[in-house]
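Lettering follows sequence order; numbering is per chain, from 1.
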There are 2 protein chains.
Amino acid sequence: MSSLTILRSYAQKSNPDSLPSSVLLSHSDTSLTIFDAYPKSIFHFLILPRVKAPWTANELTGLSSVFKCDKARAKELLLSLKDEADSARKTIQDEMQKRYGFKWDIWIGFHAIPSMEHLHLHVISNDLCSPRMKLKKHYNSFHPKLGFFLHLNDVLSWFDAEPSYFETAIQLKKAKYEPLLKEPLSCWRCGRDIANMPTLKSHLQVEWDDEARKEKARVERKRKREEDANRIDTQNTLIGPPTKK
Amino acid sequence: MSSLTILRSYAQKSNPDSLPSSVLLSHSDTSLTIFDAYPKSIFHFLILPRVKAPWTANELTGLSSVFKCDKARAKELLLSLKDEADSARKTIQDEMQKRYGFKWDIWIGFHAIPSMEHLHLHVISNDLCSPRMKLKKHYNSFHPKLGFFLHLNDVLSWFDAEPSYFETAIQLKKAKYEPLLKEPLSCWRCGRDIANMPTLKSHLQVEWDDEARKEKARVERKRKREEDANRIDTQNTLIGPPTKK
DNA sequence: TATTCCGATAGTGAC
DNA sequence: GTCACTATCGGAATGAG
């Protein structure tokens, strides 16, 4: 199977459960949620629309081809992907809590110019810490403010925009988006320019470690507060009436 | 010692014999012949003018600064370098015969834009086979027909050219010569374009092996002819008068 | 913007 | 056009049977 069309081959399966569990996380009637084979963050899933009536494989090649179909149908499709993405987000959040003791943000969106020939919606945790995050284009393709990563909610807002804006937006012109991948590296959190990928990766790790530390402290303070409140409640229950706040 | 000025430091020695034998091959009153520290061929020497009255270190920075001095003095300097280069050439030819049993061509010339700050004349065998021959710019800087390598005899001919030609030539404009180093690779022997350095290096090795084979065969034929002639002479001496040719 | 392999290209730092 | 080091950039192939 060529790497260019592997997602399509998944999306064409009439029985998604035949996919190995290392590939498939879950599926619905209209979509699959798979593990990105080269995760660019600790958590990274792809939501694929299934090739199923009324959709053909060609119509599902990418965002542009989807938009070229009936507008209402396109919106319906994206909303169903959104449902699946929200579900994947919850799965990720549970895992975050279980494995790391805290939760951090998750981004949901498309690449303006994908390489693989089947629409895929990224659901990715915002750490961007992964051994597979190797190249400038990898990073820039997920930078949340650069423009190449199209947040799903932004894409959905196109449906409510002026028709002329909609028509321009859905063209996803290469000339507009391709150069973004070559932009200088900058930390999406602190905005600082960073000279190269090794330095950026260290920086992202520090930023995430920092967030982890702060979040865990916050969780711990909350736990303490609740414990205190509980002890006071218990004391109050045992020795007197509740104190006024 | 910075690599930019190391040649100058050699050229300034009042006693060149204090240089290690791994650096110095020989010297005259006006010049040094040193081993190129990064030989781009099997044989590769540099001839340096010594910093010695009437020459100052600044005047000897490069070809341009030399030409800016008195024209007659400049010519005299180049002719003295030529003498040393011819001497180095003979040394190389002896070594070729001793080590390889045949001789091949030697080029004598300057780089139009040198990186090191002291005039140095290259004396280099035309094999261009060396582990130090690594980059396109290395090769192109010695390509005998590309223009970046200025054969000493060509430079000397500038003195006899129209004054306007002379004045233009001695400027050695970067804009003219720099782009030559990025020209596509082509074999200086057979003219074929060659895609990359690894391929070129293999090709140069084959070309040189080929020349070696042919030259050795030629040498052997000559030896045989002389042996035959000698045997016939000897026979003639022993058994009769020389035969007419 | 799938990865991987190979090589060319570009910037730096050397002292 | 000094080198050596690091990283980036640029093309081509990639599968399957």
Side-chain angles (χ1 to χ4, degrees), chain A residues 1-10 34 36-40 44 46 62-64 109-118 120 122 131-143 146-150 172-174 176-185 194-201, chain B residues 1-9 36-40 46 62-64 110-118 120 122 131-143 146-150 172-174 176-185 194-201:
Chain A
M1 177 55 51
S2 142
S3 58
L4 290 161
T5 53
I6 192 159
L7 299 186
R8 176 178 291 158
S9 77
Y10 295 159
I34 66 169
D36 190 299
Y38 302 91
K40 304 304 189 297
H44 188 178
L46 302 179
L63 265 186
S64 301
F110 299 98
H111 282 157
I113 305 172
S115 275
M116 287 186 294
E117 290 198 347
H118 190 77
H120 48 289
H122 293 271
R132 313 321 278 256
M133 178 69 84
K134 294 176 177 176
L135 309 178
K136 176 185 275 194
K137 69 177 174 186
H138 290 158
Y139 177 73
N140 279 349
S141 74
F142 287 105
H143 192 299
L146 191 61
F148 191 91
F149 186 80
L150 306 175
L172 297 166
K173 288 263 174 72
K174 278 199 181 184
K176 174 180 179 184
Y177 292 102
E178 240 162 11
L180 296 174
L181 296 175
K182 302 193 175 182
E183 286 285 298
L185 295 170
I194 298 197
N196 52 49
M197 283 300 291
T199 310
L200 174 67
K201 285 169 68 66
Chain B
M1 176 56 52
S2 141
S3 60
L4 287 162
T5 54
I6 192 158
L7 298 185
R8 176 178 292 158
S9 77
D36 190 299
Y38 302 91
K40 302 305 189 296
L46 302 180
L63 265 187
S64 300
F110 300 98
H111 282 156
I113 307 171
S115 275
M116 287 186 293
E117 291 198 345
H118 190 78
H120 48 288
H122 293 271
R132 308 300 198 156
M133 178 69 84
K134 295 176 177 176
L135 308 178
K136 176 185 275 194
K137 68 178 175 185
H138 290 159
Y139 177 73
N140 279 349
S141 75
F142 288 104
H143 192 298
L146 191 61
F148 191 91
F149 186 80
L150 306 175
L172 297 166
K173 289 262 174 74
K174 278 200 182 185
K176 174 179 180 184
Y177 291 102
E178 241 163 11
L180 297 174
L181 296 173
K182 302 193 175 181
E183 286 284 298
L185 295 170
I194 299 199
N196 53 49
M197 282 300 291
T199 309
L200 174 66
K201 285 169 67 68

Tell me: [atom1] of [X] to [atom2] of [N], nearest whole Å?
X: N196(B); N: dC5(C); atom1: CG; atom2: P; value: 18 Å
X: N140(B); N: dA8(C); atom1: CG; atom2: P; value: 12 Å
X: M133(B); N: dC3(D); atom1: CE; atom2: P; value: 11 Å
X: L7(B); N: dC3(D); atom1: CG; atom2: C1'; value: 13 Å
X: L181(B); N: dT9(C); atom1: CG; atom2: C1'; value: 14 Å
X: L135(A); N: dT9(C); atom1: CG; atom2: C1'; value: 16 Å
X: K134(A); N: dT3(C); atom1: NZ; atom2: P; value: 8 Å
X: K201(A); N: dA7(D); atom1: NZ; atom2: P; value: 12 Å

Quick check: closest heavy atoms across [X] and [Y], and the distance to 0.1 Å?
X: L180(B); Y: K176(B); value: CG-O, 3.8 Å
X: P39(A); Y: D36(A); value: CD-O, 3.3 Å
X: I194(A); Y: L200(A); value: CG2-N, 3.4 Å

Handout entry: Heavy-atom check, side chain of I113(A) versus side chain of L181(A), under 4.5 Å
Key =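 Not in contact.
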Problem - Residue pair L135(A) / N140(A), side-chain heavy-atom distance below 4.5 Å - result: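 Heavy-atom side-chain distance check fails, nothing below 4.5 Å.
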Exercise for the section: Could you pick out which residue, M197(B) or K40(A), lies toward the 5' side of DNA chain C when each is mapped onto its nearest nucleotide? Expected result: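 The residue whose closest nucleotide sits nearer the 5' end is K40(A).
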Problem - Pairwise 5' ranking along DNA chain C for F148(A) and R132(A), keeping only the more 5' one - result: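 On the 5' side of the pair lies F148(A).
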Problem - Touch class at under 4.0 angstrom, heavy-atom based, for H118(B) against every strand present - result: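 Counting heavy atoms under 4.0 Å across all strands, no contact is made by H118(B).
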Practice task
May I ask you to say what H120(A) touches in the nucleic acid, namely base, sugar-phosphate or nothing, with a heavy-atom cut-off under 4.0 Å?
Solution key: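 The residue H120(A) makes sugar-phosphate contact but no base contact.
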Handout entry: dT3(C) versus dG17(D) - spacing of their P atoms, nearest Å
Key =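 Rounded to whole Å, the distance is 24 Å.
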Exercise for the section: Taking the six-membered ring for Trp and the full ring for Phe, Tyr or His, determine whether the centres of H122(B) and F142(B) are under 6.0 Å apart. Expected result: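 Under 6.0 Å, so yes.
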Exercise for the section: State yes or no: are the ring centers of F148(A) and H111(A) separated by less than 6.0 Å? Expected result: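 Between H111(A) and F148(A), which both carry aromatic rings, the centre distance is below 6.0 Å.
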Completion exercise
The contact string for nucleotides 9-17 of chain D, one letter per nucleotide 5' to 3', using protein heavy atoms under 4.0 Å with B, S and - for base, sugar-phosphate only and none, comes out as SS---BSS-
Handout entry: Out of dT3(C), dA4(D), dA7(D), whichever nucleotide has its closest atom nearest the side chain of Y38(A)
Key =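 Selected nucleotide: dT3(C).
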Exercise for the section: Please confirm whether the backbone N or O of M116(B) pairs with a side-chain atom of H118(B), one donor and one acceptor, at under 3.5 Å? Expected result: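 No; zero donor-acceptor contacts below 3.5 Å.
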Completion exercise
Under the rule of Watson-Crick or G-U wobble with both distances under 3.5 Å, where | means paired to another strand and [ ] a crossing pair, DNA chain D maps to .|||||||||||||...
Exercise for the section: Mind running side-chain contact (heavy atoms from CB on, under 4.5 Å) on M197(A) and M133(A) for me, showing each step along the way? Expected result: CA-CA 9 Å; M197(A) 283 300 291; M133(A) 178 69 84; 4.1 Å; yes
